[in-house]
Engineer: 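The following block contains the structure, expressed as structure tokens.
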Amino acid sequence: MAENGQKEAGNMGRFSHSDRGVPGMGHPQYAGIVSPYLKWVGAKTRSMPALLAALPSPEYVECLIEPFAGSASVFLNTRYRQYVLGDSNPDLVSTWRHARDNPGALITALRRLYREGNSEQAWHENRAAFNRMKDCTEKAALFIYLNRHGFNGVCRYNKKGMFNVPFGRPVRPYLPEREIMIFARKAARCYVSFFHAGFEETLSAATTGLVCRPAVWYLL
């Protein structure tokens, strides 16, 4: 498992198991749904109103555990005190960390990529650079660039672990500066740990909390 996030999962408080079920149902919805900085297959952004109606109130549950966090839509649109976010994609988890720890540098790198990168030749050059690069802010920026310029926001790797999504030919690719800053501010306001890990390993990081995964949630 990769290193923990800025705030450790071990700090998680406990809630009463007598609060399971009906009491506290319904998470408050605040002024509009927040969009993530990534396009992501299976993202829960459009489903958030229904999810919020089904999720318990932060008054009853302190910690959200999301082992398939993806673009982190649920994280962005809820107000639990603590979060454990996991995913098996190391490049995705790296972007969470860089967006949290150094959003200004990430945005600066993205601006340059957007100025110079909206052509098929530039796409292939940037994709090749991404596949050669070790984890750093530049690689995190490239991941967002590839996500926003690639075909339908797909994230795909070949058997050698190389990102191989084709160029999407976007007319006006959106630069998600505002969304990156929203993510950074959200991460600064709560206790959050990021894990590069599978489902079971992410769950092992916590002894109590609300587990959120596609189409189901349950309490530990």
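Treat the numbers as computed from the prediction; the structure is a model and nothing was measured.
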Engineer: Going by the rule ring-ring contact (aromatic ring centres under 6.0 Å, His included), which residues pair with His98 if we only count those two or more places apart in sequence or in a different chain?
Structural biologist: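 Not a single residue meets the ring-ring contact (aromatic ring centres under 6.0 Å, His included) criterion with His98.
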Engineer: Rounded at 0.5 Å granularity, tell me how far NZ in Lys134 sits from OG in Ser94.
Structural biologist: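 So the NZ of Lys134 and the OG of Ser94 are separated by 13.0 Å.
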Engineer: Quick one: closest heavy-atom pair of Pro173 and Asn118, and the distance?
Structural biologist: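 That closest heavy-atom pairing would be CD-ND2, 3.5 Å.
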Engineer: Please confirm whether Tyr191 and Tyr83 have ring centers closer than 6.0 angstrom.
Structural biologist: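 Aromatic pair excluded; centres sit 6.0 Å or further apart.
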Engineer: Looking at residues at least two apart in the chain, or sitting in another chain, which of them share a side chain to side chain donor-acceptor pair (under 3.5 Å) with Asn131?
Structural biologist: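 For Asn131 there are no side chain to side chain donor-acceptor pair (under 3.5 Å) partners, ignoring immediate neighbours.
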Engineer: Among residues at least two apart in sequence or on other chains, which ones pass side-chain contact (heavy atoms from CB on, under 4.5 Å) with Arg172?
Structural biologist: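 Partners of Arg172 under the side-chain contact (heavy atoms from CB on, under 4.5 Å) test: none.
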Engineer: Count I, L, V, M, F, W, Y as connected when their side-chain heavy atoms are under 4.5 Å apart, and connections chain through other members. Are Met162 and Phe143 then in the same cluster?
Structural biologist: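 Not linked; separate clusters.
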Engineer: So which heavy atom on Gly117 is nearest to which on Tyr145, and how close?
Structural biologist: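 Shortest heavy-atom separation between Gly117 and Tyr145 comes out as O-OH, 2.6 Å.
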Engineer: Considering residues at least two apart in sequence or located in another chain, which fulfil the salt bridge (charged side-chain N to carboxylate O under 4.0 Å, His left out) criterion with Arg156?
Structural biologist: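 Per chain and number, Arg156 pairs via salt bridge (charged side-chain N to carboxylate O under 4.0 Å, His left out) with no residue.
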Engineer: Holding to ring-ring contact (aromatic ring centres under 6.0 Å, His included), I want the full list of residues that pass it with Phe167, two or more places apart in sequence or in another chain.
Structural biologist: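 Once residues adjacent in sequence are excluded, the partners of Phe167 under the ring-ring contact (aromatic ring centres under 6.0 Å, His included) criterion are Trp123.
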Engineer: So which pairs with a foot in residues 160-170 pass salt bridge (charged side-chain N to carboxylate O under 4.0 Å, His left out), sequence neighbours left out?
Structural biologist: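 For residues 160-170, and leaving out neighbouring residues, the salt bridge (charged side-chain N to carboxylate O under 4.0 Å, His left out) pairs sorted by first residue read Glu120-Arg169.
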Engineer: How long is the straight-line distance from CZ of Arg189 back to CZ of Arg81, given to the nearest 0.5 Å?
Structural biologist: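 Here the interatomic distance stands at 14.5 Å.
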Engineer: How long is the straight-line distance from OG of Ser35 back to CG of Asn77, given to the nearest 0.5 Å?
Structural biologist: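 If we round to the nearest 0.5 Å, Asn77:CG and Ser35:OG are 8.0 Å apart.
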Engineer: Does the ring center of Phe183 lie less than 6.0 Å from the ring center of Phe75?
Structural biologist: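 Yes, close enough.
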Engineer: With Tyr174, which residues qualify under ring-ring contact (aromatic ring centres under 6.0 Å, His included), at least two apart?
Structural biologist: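 Checked Tyr174 against ring-ring contact (aromatic ring centres under 6.0 Å, His included); zero matches.
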Engineer: Do Val41 and Cys155 have side chains that approach each other closer than 4.5 Å (heavy atoms only, starting at C-beta)?
Structural biologist: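 No, their side chains stay 4.5 Å or more apart.
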Engineer: Quick check on the hydrophobic clustering: are Val165 and Met133 connected, directly or via other members, by side-chain heavy-atom contacts under 4.5 Å?
Structural biologist: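 Same cluster: Val165 reaches Met133 through Ile, Leu, Val, Met, Phe, Trp or Tyr contacts under 4.5 Å.
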Engineer: Are any non-hydrogen side-chain atoms of Ile180 and Leu110 less than 4.5 angstrom apart?
Structural biologist: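 Result yes, sub-4.5 Å side-chain heavy-atom pair found.
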Engineer: Mark yes or no for whether Thr108, through its side chain, and Gly104, through its backbone, hold a donor-acceptor pair below 3.5 Å.
Structural biologist: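 Yes, Thr108 side chain to Gly104 backbone: donor-acceptor pair under 3.5 Å.
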Engineer: What distance do Cys190 atom SG and Glu62 atom CD have between them, rounded to the nearest 0.5 Å?
Structural biologist: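 Taking SG in Cys190 and CD in Glu62, the distance rounds to 12.5 Å.
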Engineer: Shortest non-hydrogen contact from Ser71 to Leu76?
Structural biologist: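 Here Ser71 and Leu76 meet closest at O-CD1, 4.4 Å.
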Engineer: Side chains of Gln82 and Val192: closer than 4.5 Å at any heavy-atom pair?
Structural biologist: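 The answer is no; the side chains never approach within 4.5 Å.
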Engineer: Hey, does Leu146 have a side-chain heavy atom less than 4.5 Å from the side chain of Arg127?
Structural biologist: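 Side-chain contact under 4.5 Å: yes.
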Engineer: Quick one: which residue pairs count as a salt bridge (charged side-chain N to carboxylate O under 4.0 Å, His left out) with a foot in residues 136-154, not counting sequence neighbours?
Structural biologist: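 Passing the test, one end in residues 136-154: Asp91-Lys139, Arg112-Glu138.
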Engineer: If you define the side chain from C-beta out and look only at heavy atoms, does anything of Ser57 sit under 4.5 Å from Tyr80?
Structural biologist: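 In short, these two side chains do not touch, never coming nearer than 4.5 Å.
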Engineer: Do you see a donor-acceptor pair shorter than 3.5 Å between the side chains of Asn164 and Tyr157?
Structural biologist: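 Per modelled atom types, Asn164 and Tyr157 side chains form no pair under 3.5 Å.
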Engineer: Looking only at heavy atoms, which two atoms of Ala184 and Pro103 are closest? And how far apart?
Structural biologist: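 It is CB-CG, 3.7 Å.
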Engineer: Residues two or more places apart in sequence or in another chain: which of them pass side chain to side chain donor-acceptor pair (under 3.5 Å) with Glu177?
Structural biologist: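 Residues passing side chain to side chain donor-acceptor pair (under 3.5 Å) with Glu177: Arg111.
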Engineer: State which residues pass side-chain contact (heavy atoms from CB on, under 4.5 Å) with Asp87; sequence neighbours excluded, sorted by chain then number.
Structural biologist: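 Checked Asp87 against side-chain contact (heavy atoms from CB on, under 4.5 Å); matches are Asn89, Leu92, Val93, Trp96.
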Engineer: Between Ile144 and Leu106, is any pair of side-chain heavy atoms under 4.5 Å apart?
Structural biologist: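 Yes, at least one pair of side-chain atoms sits under 4.5 Å.
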Engineer: Are Leu85 and Phe195 side-chain neighbours, meaning at least one heavy-atom pair lies under 4.5 Å?
Structural biologist: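 Side-chain contact under 4.5 Å: no.
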Engineer: Are the side chains of Val84 and Leu64 in touch, meaning some heavy atoms are under 4.5 Å apart?
Structural biologist: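 In short, these two side chains do not touch, never coming nearer than 4.5 Å.
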Engineer: Applying side-chain contact (heavy atoms from CB on, under 4.5 Å), name anything that partners Ser88, two or more places apart in sequence or on another chain.
Structural biologist: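 Once residues adjacent in sequence are excluded, Ser88 has no partner under the side-chain contact (heavy atoms from CB on, under 4.5 Å) criterion.
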Engineer: Restricting to side-chain contact (heavy atoms from CB on, under 4.5 Å), what partner residues turn up for Ala105, sequence neighbours left out?
Structural biologist: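 Expected list: Asn102, Thr137.
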Engineer: In terms of ring plane angle, is the pair Tyr114 and His149 parallel, tilted or perpendicular, where the classes change at 30° and 60°?
Structural biologist: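 Taking His149 first and then Tyr114, their aromatic rings stand perpendicular (interplane angle over 60°).
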Engineer: Yes or no on side chain to side chain donor-acceptor pair (under 3.5 Å) for Thr95 and Tyr37, after CA distance, side-chain angles and deciding distance?
Structural biologist: CA-CA 10 Å; Thr95 64; Tyr37 59 82; 3.3 Å; yes
Engineer: Can you see which heavy atom on Thr78 is nearest to which on Leu55, and at what distance?
Structural biologist: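 Shortest heavy-atom separation between Thr78 and Leu55 comes out as CG2-CD1, 4.0 Å.
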